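Keep in mind the model is a prediction, meaning the values are calculated, not measured.
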Amino acid sequence: MPAVTRTPQTVGSLENINLAGSKAGGGHAGRTSKDQLLQGSFWDTARECAFVVTDIEGSTQLSSKAGPKLFGAIQEIHDITMREAIGQHSGLEITTEGDSFTLAFPYAPQAVAFCIDIQHRLLETAWPHSCAKLPGFRKHVNSKGETIIVGLRVRMGVHWAGDGTVASRLHAVNKQRIFAGPGMQMAQEVCVCVCVCVC
(Lines give C-alpha, C1' and ligand atoms only; values in the text may rest on other atoms or scores of the structure.)
Protein backbone atom coordinates (compact mmCIF):
# COMPACT_ATOMS: atom_id res chain seq x y z
CA MET A 1 0.00 0.00 0.00
CA PRO A 2 1.48 3.39 -0.90
CA ALA A 3 2.27 5.88 1.85
CA VAL A 4 -0.05 8.90 1.59
CA THR A 5 0.39 12.44 2.97
CA ARG A 6 -1.42 15.76 2.53
CA THR A 7 -0.25 19.39 2.64
CA PRO A 8 -2.51 21.73 4.66
CA GLN A 9 -3.98 24.61 2.71
CA THR A 10 -1.96 27.82 2.75
CA VAL A 11 -2.90 31.45 2.32
CA GLY A 12 -1.07 33.71 -0.12
CA SER A 13 0.85 33.12 -3.31
CA LEU A 14 4.12 31.52 -4.31
CA GLU A 15 6.84 33.96 -5.29
CA ASN A 16 7.50 34.38 -9.02
CA ILE A 17 4.83 31.85 -10.03
CA ASN A 18 1.38 32.67 -11.33
CA LEU A 19 -1.27 30.88 -9.29
CA ALA A 20 -4.24 32.43 -11.06
CA GLY A 21 -6.70 29.98 -12.59
CA SER A 22 -9.15 27.25 -11.78
CA LYS A 23 -8.73 24.65 -9.06
CA ALA A 24 -7.78 21.11 -10.00
CA GLY A 25 -10.60 19.75 -7.85
CA GLY A 26 -9.28 16.67 -6.02
CA GLY A 27 -12.62 14.86 -5.95
CA HIS A 28 -13.85 15.66 -9.46
CA ALA A 29 -11.77 13.53 -11.84
CA GLY A 30 -14.28 13.91 -14.69
CA ARG A 31 -13.71 17.64 -15.18
CA THR A 32 -10.40 17.49 -17.02
CA SER A 33 -10.15 16.05 -20.52
CA LYS A 34 -7.17 14.02 -21.72
CA ASP A 35 -6.63 16.67 -24.42
CA GLN A 36 -6.22 19.33 -21.73
CA LEU A 37 -3.69 17.18 -19.92
CA LEU A 38 -1.71 16.34 -23.05
CA GLN A 39 -1.64 19.96 -24.22
CA GLY A 40 -0.62 21.17 -20.78
CA SER A 41 -3.50 23.63 -20.36
CA PHE A 42 -4.63 21.86 -17.18
CA TRP A 43 -1.19 22.25 -15.59
CA ASP A 44 -0.99 25.93 -16.56
CA THR A 45 -3.76 26.76 -14.09
CA ALA A 46 -3.70 23.88 -11.58
CA ARG A 47 -3.46 24.99 -7.94
CA GLU A 48 -3.50 21.47 -6.47
CA CYS A 49 -2.39 18.00 -7.55
CA ALA A 50 -1.16 14.63 -6.35
CA PHE A 51 2.53 13.79 -6.36
CA VAL A 52 3.87 10.24 -6.52
CA VAL A 53 7.46 9.36 -5.67
CA THR A 54 8.81 5.87 -6.40
CA ASP A 55 12.02 4.02 -5.65
CA ILE A 56 13.31 0.49 -6.29
CA GLU A 57 13.69 -1.20 -2.91
CA GLY A 58 17.29 -2.19 -2.15
CA SER A 59 18.54 -0.96 -5.53
CA THR A 60 22.15 -0.51 -4.36
CA GLN A 61 22.41 -4.11 -3.13
CA LEU A 62 20.46 -5.35 -6.15
CA SER A 63 22.80 -3.55 -8.56
CA SER A 64 25.84 -5.02 -6.81
CA LYS A 65 24.50 -8.60 -6.86
CA ALA A 66 23.09 -8.45 -10.39
CA GLY A 67 26.01 -6.74 -12.11
CA PRO A 68 25.70 -3.86 -14.58
CA LYS A 69 24.26 -5.84 -17.52
CA LEU A 70 21.45 -7.61 -15.65
CA PHE A 71 20.63 -4.58 -13.48
CA GLY A 72 20.49 -2.46 -16.63
CA ALA A 73 17.94 -4.88 -18.10
CA ILE A 74 15.92 -4.82 -14.85
CA GLN A 75 15.91 -1.03 -14.75
CA GLU A 76 14.90 -0.81 -18.42
CA ILE A 77 11.88 -3.07 -17.79
CA HIS A 78 11.05 -0.97 -14.71
CA ASP A 79 11.29 2.33 -16.62
CA ILE A 80 9.20 1.10 -19.56
CA THR A 81 6.54 -0.26 -17.20
CA MET A 82 6.43 3.04 -15.31
CA ARG A 83 6.19 5.22 -18.41
CA GLU A 84 3.46 3.12 -20.01
CA ALA A 85 1.30 3.45 -16.90
CA ILE A 86 2.02 7.16 -16.33
CA GLY A 87 0.30 8.14 -19.57
CA GLN A 88 -2.59 5.73 -19.06
CA HIS A 89 -3.37 7.36 -15.71
CA SER A 90 -3.00 10.94 -17.01
CA GLY A 91 0.21 11.50 -15.08
CA LEU A 92 3.18 13.74 -15.77
CA GLU A 93 6.80 12.70 -15.30
CA ILE A 94 8.55 15.53 -13.44
CA THR A 95 12.00 14.07 -12.78
CA THR A 96 13.89 10.81 -12.64
CA GLU A 97 17.01 10.27 -10.58
CA GLY A 98 18.59 6.84 -10.85
CA ASP A 99 15.68 4.44 -10.30
CA SER A 100 13.46 7.05 -8.57
CA PHE A 101 10.54 8.75 -10.36
CA THR A 102 8.73 11.91 -9.24
CA LEU A 103 5.33 12.26 -10.92
CA ALA A 104 2.28 14.53 -10.81
CA PHE A 105 -1.36 13.58 -11.28
CA PRO A 106 -4.38 15.90 -11.47
CA TYR A 107 -6.33 13.98 -8.83
CA ALA A 108 -5.51 11.73 -5.89
CA PRO A 109 -7.59 8.76 -7.15
CA GLN A 110 -5.52 8.72 -10.36
CA ALA A 111 -2.29 8.73 -8.35
CA VAL A 112 -3.40 5.84 -6.13
CA ALA A 113 -4.78 3.90 -9.12
CA PHE A 114 -1.40 4.35 -10.84
CA CYS A 115 0.43 2.94 -7.80
CA ILE A 116 -1.84 -0.10 -7.59
CA ASP A 117 -1.59 -0.66 -11.34
CA ILE A 118 2.22 -0.57 -11.23
CA GLN A 119 2.34 -3.14 -8.43
CA HIS A 120 0.12 -5.50 -10.46
CA ARG A 121 2.20 -4.95 -13.61
CA LEU A 122 5.44 -5.71 -11.75
CA LEU A 123 3.89 -8.85 -10.26
CA GLU A 124 2.87 -10.05 -13.74
CA THR A 125 6.14 -9.14 -15.49
CA ALA A 126 8.18 -12.00 -16.98
CA TRP A 127 11.54 -11.15 -15.40
CA PRO A 128 14.74 -12.72 -16.78
CA HIS A 129 15.35 -16.18 -15.26
CA SER A 130 18.69 -15.03 -13.85
CA CYS A 131 16.76 -12.66 -11.52
CA ALA A 132 15.27 -15.53 -9.48
CA LYS A 133 18.16 -15.69 -6.99
CA LEU A 134 18.55 -11.95 -6.57
CA PRO A 135 17.59 -10.31 -3.25
CA GLY A 136 13.99 -9.12 -3.35
CA PHE A 137 13.01 -11.25 -6.34
CA ARG A 138 12.14 -14.35 -4.35
CA LYS A 139 8.55 -15.54 -4.57
CA HIS A 140 6.30 -15.14 -1.52
CA VAL A 141 2.92 -16.82 -1.13
CA ASN A 142 0.06 -16.35 1.31
CA SER A 143 -1.58 -19.06 3.47
CA LYS A 144 -3.68 -20.14 0.46
CA GLY A 145 -0.61 -20.67 -1.70
CA GLU A 146 -1.35 -17.62 -3.85
CA THR A 147 1.60 -15.57 -5.10
CA ILE A 148 1.58 -12.15 -3.42
CA ILE A 149 5.11 -10.94 -4.19
CA VAL A 150 7.53 -11.93 -6.92
CA GLY A 151 9.99 -9.87 -8.89
CA LEU A 152 11.10 -6.28 -8.48
CA ARG A 153 9.81 -4.37 -5.47
CA VAL A 154 9.05 -0.68 -5.88
CA ARG A 155 8.22 1.59 -2.92
CA MET A 156 5.75 4.40 -3.56
CA GLY A 157 4.72 7.53 -1.70
CA VAL A 158 1.64 9.62 -2.56
CA HIS A 159 1.24 13.23 -1.48
CA TRP A 160 -1.85 15.40 -2.09
CA ALA A 161 -0.80 19.07 -2.45
CA GLY A 162 -3.90 21.07 -1.50
CA ASP A 163 -5.29 24.24 -3.06
CA GLY A 164 -2.69 26.98 -3.34
CA THR A 165 0.27 24.86 -2.16
CA VAL A 166 1.67 24.14 -5.62
CA ALA A 167 2.16 25.84 -8.96
CA SER A 168 4.04 25.05 -12.14
CA ARG A 169 5.53 26.69 -15.20
CA LEU A 170 7.51 25.65 -18.26
CA HIS A 171 11.28 25.99 -18.11
CA ALA A 172 12.33 28.79 -20.48
CA VAL A 173 14.97 26.66 -22.22
CA ASN A 174 14.07 22.97 -22.15
CA LYS A 175 10.26 23.47 -21.84
CA GLN A 176 10.04 20.87 -19.06
CA ARG A 177 7.38 21.61 -16.47
CA ILE A 178 8.80 22.83 -13.15
CA PHE A 179 6.80 22.54 -9.92
CA ALA A 180 7.27 24.73 -6.84
CA GLY A 181 5.62 25.61 -3.54
CA PRO A 182 5.14 23.93 -0.15
CA GLY A 183 3.24 21.05 -1.76
CA MET A 184 6.25 20.21 -3.93
CA GLN A 185 8.58 20.60 -0.95
CA MET A 186 6.49 18.08 1.01
CA ALA A 187 6.58 15.70 -1.96
CA GLN A 188 10.38 15.92 -1.87
CA GLU A 189 10.27 15.01 1.84
CA VAL A 190 8.09 12.02 0.93
CA CYS A 191 10.81 11.12 -1.59
CA VAL A 192 13.39 11.01 1.21
CA CYS A 193 11.13 8.73 3.27
CA VAL A 194 10.44 6.43 0.32
CA CYS A 195 14.15 6.13 -0.43
CA VAL A 196 15.27 5.28 3.11
CA CYS A 197 12.47 3.12 4.51
CA VAL A 198 9.92 0.59 3.44
CA CYS A 199 6.59 2.38 3.08
Side-chain angles (χ1 to χ4, degrees), residues 1-7 26-30 49-162 186-199:
M1 200 65 177
V4 181
T5 63
R6 183 178 187 278
T7 300
H28 306 286
C49 70
F51 291 109
V52 173
V53 185
T54 74
D55 175 66
I56 294 176
E57 183 180 328
S59 58
T60 302
Q61 182 187 13
L62 182 60
S63 174
S64 175
K65 295 280 187 183
K69 186 175 180 181
L70 180 56
F71 185 73
I74 291 168
Q75 190 162 359
E76 183 178 6
I77 294 169
H78 164 268
D79 292 357
I80 290 170
T81 303
M82 293 285 290
R83 291 189 171 113
E84 285 177 349
I86 291 167
Q88 290 174 7
H89 291 277
S90 303
L92 180 69
E93 184 177 330
I94 303 172
T95 60
T96 57
E97 185 175 344
D99 54 79
S100 177
F101 278 67
T102 301
L103 315 168
F105 293 83
Y107 311 106
Q110 290 169 318
V112 174
F114 164 81
C115 293
I116 294 169
D117 186 19
I118 284 294
Q119 297 299 334
H120 283 286
R121 289 178 189 230
L122 293 172
L123 183 65
E124 295 163 4
T125 295
W127 297 99
H129 293 297
S130 48
C131 291
K133 294 182 180 179
L134 292 174
F137 272 79
R138 292 182 184 90
K139 182 176 179 178
H140 293 265
V141 296
N142 62 17
S143 59
K144 298 177 183 177
E146 301 166 329
T147 300
I148 54 172
I149 300 174
V150 65
L152 192 67
R153 300 183 190 187
V154 176
R155 300 176 289 213
M156 311 183 115
V158 179
H159 172 65
W160 175 251
M186 181 62 77
Q188 290 167 339
E189 292 298 320
V190 170
C191 176
V192 172
C193 294
V194 167
C195 291
V196 300
C197 67
V198 177
C199 296

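Between the side chains of D99 and H78, no donor-acceptor pair is found at a separation under 3.5 Å.
The backbone N or O of T60 lies less than 3.5 Å from no partner atom in the side chain of S64, so there is not a single donor-acceptor pair. Of the possible polar contacts, one joining the Q119 side chain to the V154 backbone as a donor-acceptor pair under 3.5 Å is found.
Considering all non-hydrogen atoms of both residues, I86 and F105 come closest at O-CE2, 4.4 Å. The two residues L62 and P135 make their nearest non-hydrogen contact at CD1-O, 3.9 Å. V141 and K139 get closest at one heavy-atom pair: CG1-CE, 4.0 Å. Between R138 and A132, the shortest heavy-atom distance links the atoms CG-O, 4.1 Å. When all heavy atoms of C49 and A104 are compared, the closest pair comes out as SG-CB, 4.5 Å. Annotation for Q110 and S90: closest pair NE2-CB, 3.7 Å, computed over non-hydrogen atoms.
Taking 4.5 Å as the limit, every side-chain heavy atom of T54 sits out of range of all side-chain heavy atoms of I118. F101 has its side chain within reach of D79: a pair of non-hydrogen atoms, C-beta onward, lies under 4.5 Å apart. Inter-residue side-chain proximity for R83 and T96 is flagged as met; some heavy-atom pair is nearer than 4.5 Å. Here the side chains of I77 and L152 are not in contact, with every heavy-atom distance at 4.5 Å or above. In this structure the side chain of V158 never reaches within 4.5 angstrom of the side chain of M156, judged on heavy atoms.
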Could you go step by step and tell me if W127 and V150 meet the side chain to side chain contact (heavy atoms under 4.5 Å, CB included) rule? CA-CA 9 Å; W127 297 99; V150 65; 6.0 Å; no

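Going from atom CD of E189 over to atom NE2 of H159 covers 10.5 Å, rounded to the nearest 0.5 Å. Between the CD1 atom of I74 and the NZ atom of K69 there is a distance of 13.0 Å, given to the nearest 0.5 Å. E124 CD to T81 OG1: the interatomic distance, rounded to the nearest 0.5 Å, is 10.5 Å. With rounding to the nearest 0.5 angstrom, the CD1 atom of I149 is 9.0 Å from the CG atom of L123. To the nearest 0.5 angstrom, R155 atom CZ is 7.0 Å from S59 atom OG.
Ring geometry, H89 versus F114: the interplanar angle exceeds 60°, so the pair is classed perpendicular (tilted spans 30 to 60°).
Other residues, nucleotides and ligands contribute only 12 or fewer heavy atoms inside 6.0 Å of the CD atom of E97. Crowding of H120 atom NE2: a count of heavy atoms from other residues, nucleotides or ligands under 6.0 Å not exceeding 12.
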